[in-house]
Amino acid sequence: MAAALHLQTHPCFHGTYQLSPPPRPSVSFPSSSRSFPSNRRSLSAHVKAAAASSSTTTLQEGIAEFYDESSGIWEDIWGDHMHHGYYDPGSDVSGSDHRAAQIRMIEESLRFAGISEDPANRPKRIVDVGCGIGGSSRYLARKYGAKCQGITLSPVQAGRANALANAQGLADQVCFEVADALNQPFPDEQFDLVWSMESGEHMPDKPKFVKELVRVAAPGGTIIVVTWCHRDLGPSEESLQPWEQKLLNRICDAYYLPEWCSTSDYVKLFQSLSLQDIKAGDWTENVAPFWPAVIRSALTWKGFTSLLRSGLKTIKGALVMPLMIEGFQKGVIKFAIIACRKPAE
């Protein structure tokens, strides 16, 4: 039986936040006392919907368990920013300051989106969708003096993020909870800045993910999505090449990723919702040094022993890191940024 939620008021939420993880979502099937639709097509649709829900639940559980297991080793070796760094093209991996590159990734993303440095126009309310252990949230809260709320599927990440916020004197500005990015626990039009740093690749329903980002954005608010994509398809292509799909499937299996989409797919989704000032960038070249650096850190004595202690899911993820490099080098994987603005009322 799932433990009951323990809720407590928090000034950042104007309400409640979760100190202990909620029960993992379950899939409910009709009992025998309920009648199934008599129409065979309706029955088929019902079964497909239940199967899709079950698949999503399994994926979300895998994501949560993967990050429950791996976040500690990442923080120990790389710090509290669980995302790529931004580098000058052709920069020397061995001489790079990788933690500084991760901060630069945040700054370059803000610059790309045109976030104002004017104190009168800075974002005051921010949501961090797929917040990890809260590195971006705390950075943005300090930079702008803003209130920031983060959501993650991982109870371990949410707990660690809140602990770090308390330790750094930011508990009145930032707070974190376990929640689903496809069903965010926020009212409509709440946030001046909707921030998603490398979480979109985990979303099994990209249209619903984008709709939720737009729903919680305030009128005139900015949405920034930094994510892994596959390459855009050519005019005569209907899908990736079989070898490309096979490569991505192996990565998906290790990192609990659903089907990939392209940068142009994201742009079309935002266009369909009438967002303004939509622009996209390919930063693949700017993140090229990152995965070799991660592999090298895993091969140190500290990295190797930490990896062995972390668990099978983390080890499995480490073993496919060379496939990420291969995907980038062969042009299958793209590191994309998409930014847009919700129309002001």
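Values below: every heavy atom of this structure, side chains too, minus hydrogens, waters and symmetry copies.
Minimum interatomic distance between Leu153 and Ala64 (heavy atoms only, all atoms of both residues): O-CB, 3.3 Å. Between Ile106 and Ser136, the shortest heavy-atom distance links the atoms CD1-OG, 3.8 Å. Residues Ser137 and Asp128 share a closest heavy-atom pair of OG-OD2, 2.8 Å. Closest heavy-atom contact between Pro258 and Cys252: O-SG, 3.4 Å. Nearest heavy atoms, Ala165 versus Val174: CB-CG2, 3.4 Å. Scanning all heavy atoms of the two residues, the minimum distance from Gly130 to Ser199 falls at CA-CB, 3.8 Å.
You'll find the side chain of Trp260 stays beyond 4.5 Å of the side chain of Leu240, heavy atoms only. In this structure the side chain of Cys340 never reaches within 4.5 angstrom of the side chain of Asp277, judged on heavy atoms. Using a 4.5 Å heavy-atom threshold, the side chains of Thr222 and Pro123 count as separate. Val129 places a side-chain heavy atom less than 4.5 Å from the side chain of Val127. Put simply, the side chain of Leu59 reaches to within 4.5 Å of the side chain of Tyr256, judged on heavy atoms. Between Ile278 and Tyr266 the shortest side-chain heavy-atom distance does not fall below 4.5 Å. You'll find the side chain of Met197 reaches within 4.5 Å of the side chain of Met105, heavy atoms only. The side-chain heavy atoms of Asp97 and Arg99, taken from C-beta on, include a pair separated by under 4.5 Å.
Between the side chain of Gln173 and the main chain of Ala141, a donor-acceptor pair closer than 3.5 Å is present. A distance-only check finds no donor-acceptor pair linking the side chain of Asp265 to the backbone of Cys261 [under 3.5 Å]. A donor-acceptor pair under 3.5 Å is absent between the side-chain atoms of Arg138 and the main chain of Leu164, judged by distance alone. Proximity of a side-chain donor or acceptor of Lys342 to a complementary backbone N or O of Ala217 within less than 3.5 Å is detected. Between the side chain of Glu244 and the main chain of Gln241, a donor-acceptor pair closer than 3.5 Å is present.
For Lys143, the NZ atom is densely surrounded, since the number of other residues' heavy atoms within 6.0 Å is greater than 12. Residue Gln276 places its CD atom among more than 12 non-hydrogen atoms of other residues, nucleotides or ligands, all under 6.0 Å distant.
In the model, Ser154 has no side-chain atom that pairs as donor or acceptor with a side-chain atom of Thr152 under 3.5 Å. Side chains of Thr284 and Asp282: a donor-acceptor N/O pair is present below 3.5 angstrom, by distance only. For His98 and Tyr87, the side-chain atoms include at least one donor-acceptor pair closer than 3.5 Å. With hydrogens and angles left out, the side-chain atoms of Ser264 and Asp232 include a donor and acceptor closer than 3.5 Å. Side-chain contact, Asp180 with Gln184: no donor N or O sits under 3.5 Å from an acceptor N or O. With 3.5 Å as the limit, one finds no donor-acceptor pair spanning the side chains of Gln149 and Arg125.
Interatomic distance, Arg250 CZ to Asp253 CG, rounded to the nearest 0.5 Å: 10.0 Å. Separation of atoms NZ (Lys268) and OG1 (Thr263) is listed at 11.5 Å; rounding is to 0.5 Å. Atom CD1 of Ile337 sits about 4.0 Å away from atom OG of Ser109, to the nearest 0.5 Å. Distance check: Met321 CE to Ile251 CD1 gives 12.0 Å after rounding to the nearest 0.5 Å. Going from atom CD of Glu108 over to atom CD1 of Ile103 covers 12.5 Å, rounded to the nearest 0.5 Å. With rounding to the nearest 0.5 angstrom, the CG atom of Leu323 is 8.0 Å from the OH atom of Tyr255.
The pair Lys124-Asp192 does not meet the salt-bridge criterion, since no charged nitrogen lies less than 4.0 angstrom from a carboxylate oxygen. Salt-bridge check for Lys208 with Glu212: failed, with every basic side-chain N at 4.0 Å or more from each acidic carboxylate O. For the pair Asp80 and Arg160, the salt-bridge criterion is not met [side-chain N within less than 4.0 Å of a carboxylate O]. Contact check on Glu107 versus Arg104 returns no salt bridge, with no Lys/Arg side-chain nitrogen under 4.0 Å from an Asp/Glu carboxylate oxygen.
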Verdict with reasoning, His202 to Leu257, per side chain to side chain contact (heavy atoms under 4.5 Å, CB included):
CA-CA 5 Å; His202 283 297; Leu257 305 178; 3.3 Å; yes
Begin with the C-alpha distance, continue with both residues' side-chain angles, and end with the deciding distance and a verdict on side chain to side chain contact (heavy atoms under 4.5 Å, CB included) for Glu326 and Leu247.
CA-CA 9 Å; Glu326 180 182 351; Leu247 175 66; 4.0 Å; yes
Set out, in order, the CA-CA distance, both residues' side-chain angles and the distance that settles side chain to side chain contact (heavy atoms under 4.5 Å, CB included) for Lys330 and Trp243, then state yes or no.
CA-CA 11 Å; Lys330 292 184 175 180; Trp243 71 267; 3.8 Å; yes
Between Lys147 and Ile126, does the side chain to side chain contact (heavy atoms under 4.5 Å, CB included) criterion hold? Intermediate values first, please.
CA-CA 6 Å; Lys147 301 282 188 179; Ile126 301 170; over 6 Å; no
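Under the ring pair (Phe, Tyr, Trp, His ring centres under 6.0 Å) criterion, Tyr86 pairs with Trp283, not counting sequence neighbours.
Both tests pass for Lys279 against the ring of Phe112: distance under 6.0 Å to the centre and angle within 45° of the axis.
Between His81 and His83, the ring planes are perpendicular. Angles over 60° get that label, and only those under 30° would be called parallel. Taking the six-membered ring for Trp and thresholds of 30 and 60 degrees, Trp291 and Trp228 have ring planes more than 60 degrees apart, a perpendicular arrangement.
Aromatic ring centroids of Phe328 and Phe335 lie 6.0 Å or more apart.
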